[in-house]
Structure formats: structure tokens, C-alpha cells
Protein chains: 2
Amino acid sequence: MRPTRQRRAVSEALSAFDDFRSAQQIHDLLCSRDDKVGLATVYRTLSALADAGEVDVLRNEDGESLYRRCSATHHHHLVCRACGATVEVEGPAVERWTRAIAREHGYAQVSHELEIFGTCPACLGSHDVPHDGPHDRADG
Amino acid sequence: MRPTRQRRAVSEALSAFDDFRSAQQIHDLLCSRDDKVGLATVYRTLSALADAGEVDVLRNEDGESLYRRCSATHHHHLVCRACGATVEVEGPAVERWTRAIAREHGYAQVSHELEIFGTCPACLGSHDVPHDGPHDRADG
DNA sequence: TCCCGATTTGAGAACCGTTCTCGAAAGGGT
DNA sequence: ACCCTTTCGAGAACGGTTCTCAAATCGGGA
């Protein structure tokens with residue numbers, strides 16, 4: 001993969017956020033910086049980064065894909081419903097539990113998805129919503 | 001909510017499946033039975049059932065919503081990537097763990113999403129895919 | 001430095017699941 | 001039967017994402 005100007009721009013834009021952002025939000029940020037990158041290229045680059053395991057992807061309740069640069073090790077996310085503030089969490093017990101459940105039912109090649117949603121301390125304090133609005137998601 | 005012919009049809013169609021199905025698949029089933037129900041009505045009815053907690057919803061990796069009639073108690077799903085065969089599973093330990101993690105970081109109003117994906121015993125045995133194809137989903 | 005084939009880009013169209021629109025049809029209470 | 005409200009449904013609209021394909025760009029070799 002060639003380190004083109006566009007790909008570097010997308011990668012840097014991702015680093016500018018510490019929470020999950022949509023492809024369009026990243027594109028908007030680049031536009032506001034007069035970084036000329038096509039929307040299709042943003043989508044392509046984010047997909048490539050996701051495939052390479054360099055970013056995590058999750059879907060909000062509208063089905064929109066949200067991206068975030070994360071640590072390489074397996075982990076889950078604790079996400080604020082109001083402002084999107086994200087904490088990476090690990091749960092060896094949960095990993096063991098899912099494997100056990102799968103084995104119990106004879107399922108192989110097991111993977112799992114787990115996200116935790118809530119309201120972060122900052123948003124509990126102030127009732128107005130920070131920056132650009134909620135990255136909401138339904139209960140599970 | 002009035003028990004109209006259309007709503008009854010959608011509800012019965014749901015019962016005809018024991019795995020997660022899309023609105024369009026349910027609409028197709030109704031059409032093949034010459035049950036005249038508009039697609040919009042199928043969507044509306046499924047949303048209403050989901051809001052009422054009578055069906056569970058999950059999204060496949062394409063962002064498509066899949067519906068399944070489930071038990072009313074809180075549970076998660078063990079889903080076969082190949083045929084969609086679904087087992088409802090409970091994990092009190094996981095419920096406790098998510099609450100603990102959230103509390104630890106000061107998050108309130110906590111909810112979570114957890115799905116487990118794998119290949120079911122039947123699909124491990126026969127390598128051809130049953131019925132109408134995989135309801136696939138990415139790793140978590 | 002220039003050339004060349006391969007890769008990448010981007011504007012806009014296409015795609016597709018879902019929701020909206022709004023006039024028509026159906027329900028239910030009286 | 002009447003009336004008012006809810007529901008229906010065909011098709012348009014919507015919105016995020018992917019595709020198209022000609023033009024731009026890149027990297028390596030001569």
C-alpha cells in the first residue's frame with residue numbers, strides 16, 4: 001500500500017479524534033482543513049485500515065460505520081452514548097465464557113462482538129451535549 | 001395496536017423461522033404465500049414488534065437488520081455464520097462484569113451488546129450451505 | 001531525468017436497505 | 001350505517017456506501 005498524500009491525511013485525521021467517527025466526519029474534517037481528499041478515497045482508506053487491523057469499526061444504531069484508531073490487542077469498548085468518549089477494556093473472563101458457551105453447543109471457529117454503552121462522568125455532570133452530538137446505539 | 005390481517009401475517013411469518021431474518025426475506029415469504037402485505041408495512045410491523053420487545057434485532061455485517069422472535073428475558077445469541085442457526089444464551093457473569101467495568105470508569109445508565117458467532121455442528125459436518133445462504137458477520 | 005506500466009484518485013452514478021408521503025382502505029365505537 | 005381514526009401501500013425520497021472509469025500519480029528502470 002503506497003503512502004500517498006490522501007492516505008496520510010486520512011490516517012492523521014483519525015489520530016485527531018479519540019472517539020469513534022464516521023467516514024463522512026473524517027471527510028468533513030479534511031475539507032475544513034483544505035485537505036483535498038475524495039469521499040470515496042476516505043471510505044477506501046478506512047476499509048483498508050480496518051482490514052489491516054489498524055482501526056476498530058463499529059456500527060451505530062443507524063447502521064453507519066464508525067472508525068477509531070485502537071490498540072492492536074483484542075479488546076472491547078465502553079462508549080459514552082452522549083459524547084462518544086471511548087475506553088478500551090479487556091475481559092479475559094468474557095473471552096473464556098464465550099469460548100465455553102460455544103463449545104457447549106458444539107460451535108467452532110468462534111468470534112464475538114461486545115460493546116458497552118453508558119453515560120460518561122463528564123456527560124453525567126453537564127446536561128448539555130459536548131461537541132457534535134450523540135453517537136447513539138440501542139441496548140443489547 | 002390493532003391486530004390487522006397484515007400484522008398477523010408478519011407475526012406468523014416470523015414464527016415460521018427459528019433464525020434471524022431480514023424484513024425483505026419475511027416480505028418474500030408472504031409474497032410466495034400470496035399474502036398481500038406491502039414492504040413498508042412489514043418494516044413498520046417489525047419495528048413495532050422490536051420496540052415492544054417481542055422480537056430481537058441484530059445487524060449483519062452489511063448493516064441489514066435481522067429479526068427473530070425470542071424469549072422475553074435478557075439474553076444473548078450464539079449464531080451460526082453459515083446457516084444462521086441461533087441459540088439463546090444467558091451469562092449472569094457477563095452482566096455483572098459489564099456493570100463492574102462501567103462503574104469502574106464512572107459510566108452510568110449502562111447497556112451492552114454481545115453476540116457470539118461460530119459454525120454450528122450441522123454446518124461443520126456438511127460443507128454445503130443449508131437454505132438461503134449465510135447470515136454472516138464480522139469478528140468482534 | 002524521462003518513460004512506462006501499475007496503482008490510486010475522485011466526481012458522480014449506482015446501489016440498496018429503509019423511511020417517508022399521502023390518498024385510499026379498513027377498523028371500531030356508537 | 002356513519003364518522004373519525006388508524007393503517008395500508010405504491011412509489012418517491014433518503015442516506016450511507018460502493019462502483020465506474022478516465023485522469024492523475026507513483027515508483028522503478030534505463
Side-chain angles (χ1 to χ4, degrees), chain A residues 1-14 20-52 54-68 84 132-138, chain B residues 1-14 20-52 54-68 84 132-138:
Chain A
M1 185 132 126
R2 288 183 191 166
T4 63
R5 174 184 65 78
Q6 289 89 339
R7 300 217 243 246
R8 246 176 286 119
V10 170
S11 192
E12 280 167 27
L14 261 176
F20 282 90
R21 295 295 172 143
S22 71
Q24 316 227 24
Q25 286 178 314
I26 288 159
H27 182 242
D28 289 349
L29 176 67
L30 294 176
C31 287
S32 73
R33 281 184 187 172
D34 282 320
D35 245 333
K36 305 277 202 290
V37 181
L39 182 57
T41 299
V42 174
Y43 275 106
R44 275 189 296 238
T45 304
L46 289 173
S47 298
L49 289 171
D51 287 350
E54 289 190 39
V55 301
D56 281 1
V57 191
L58 62 77
R59 303 257 188 167
N60 69 8
E61 66 178 353
D62 299 326
E64 198 175 4
S65 293
L66 305 178
Y67 303 84
R68 178 176 187 266
D132 61 0
H135 303 236
D136 206 354
R137 184 155 176 172
Chain B
M1 186 133 127
R2 289 184 190 165
T4 64
R5 174 184 65 80
Q6 291 87 340
R7 300 216 244 246
R8 247 177 285 118
V10 170
S11 192
E12 281 166 27
L14 261 176
F20 282 89
R21 295 294 172 142
S22 70
Q24 316 227 23
Q25 285 178 315
I26 288 159
H27 182 242
D28 290 348
L29 176 67
L30 294 176
C31 287
S32 72
R33 281 183 186 172
D34 282 321
D35 245 334
K36 305 278 203 293
V37 180
L39 182 57
T41 299
V42 174
Y43 275 106
R44 275 188 295 239
T45 304
L46 289 173
S47 298
L49 288 172
D51 287 349
E54 289 190 40
V55 301
D56 280 2
V57 191
L58 61 77
R59 303 257 189 168
N60 69 8
E61 66 177 353
D62 299 326
E64 199 175 2
S65 292
L66 305 178
Y67 302 84
R68 177 176 188 264
D132 60 0
H135 302 236
D136 206 356
R137 182 153 177 172

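Residue numbering restarts at 1 for every chain, and letters A, B, ... go by the order of the sequence lines. Note that the structure is a prediction, hence the values are computed from the model and not measured.
Straight-line distance from the NE2 atom of B:H27 to the P atom of D:dG9: 8 Å, rounded to whole Å. As a whole-Å value, the separation of A:L39 CG from D:dG15 C1' is 12 Å. One can place CZ of B:R21 at 15 Å from P of C:dG17, the figure rounded to the nearest angstrom. Taking atom CZ on B:R7 and atom P on C:dA26, their separation rounds to 15 Å, with Å as the unit. In this structure, A:L66 places its CG atom 17 Å from P of D:dG15, rounding to the nearest Å. Rounding to whole angstrom units, OH of residue B:Y67 and P of C:dG17 are separated by 13 Å. The distance between atom CZ of A:R59 and atom C1' of C:dG17, rounded to the nearest whole Å, is 12 Å. Atom P of nucleotide D:dG16 and atom CG of A:L58 are separated by 16 Å, given to the nearest angstrom.
Nearest to the side-chain atoms of B:R2 among the listed nucleotides D:dT25, C:dT18, C:dA26 stands C:dA26. The side chain of B:A40 lies closest to D:dG11 when the candidates are D:dT25, D:dG11, C:dG28. Of the candidate nucleotides C:dG28, C:dG10, D:dT18, C:dG10 has the atom lying nearest to any side-chain atom of A:Q6. Distances from the side chain of B:T4 to the nucleotides D:dC8, D:dC26, C:dG10 place D:dC8 closest. Taking only side-chain atoms of A:S47, from C-beta outward, the nucleotide of D:dT18, C:dT18, C:dG10 with the closest atom is D:dT18.
Between A:Y43 and A:Q24, some side-chain heavy-atom pair lies under the 4.5 Å cut-off. For the pair B:L49/B:Y67, no side-chain contact is recorded, criterion being any heavy-atom separation below 4.5 Å from C-beta on. Side-chain contact between A:L14 and A:R21: absent, with no pair of heavy atoms (C-beta onward) separated by less than 4.5 Å. Residues A:T41 and A:H27 are not in side-chain contact: their nearest non-hydrogen atoms beyond the backbone lie 4.5 Å or more apart.
Contact annotation for B:R44: base contact, defined as any heavy-atom pair under 4.0 Å involving a base atom.
A donor-acceptor pair is defined here as one N or O able to donate and one able to accept, closer than 3.5 Å; such a pair exists between the side chain of B:R5 and the backbone of B:K36.
For the OP1/OP2 pair of D:dT18 and a distance below 4.0 Å, the side-chain nitrogens and oxygens of A:Y43 include no atom meeting the criterion.
In terms of position along DNA chain C, the nucleotide closest to A:R5 lies nearer the 5' end than the nucleotide closest to the other residue of the pair A:R5 and B:A23.
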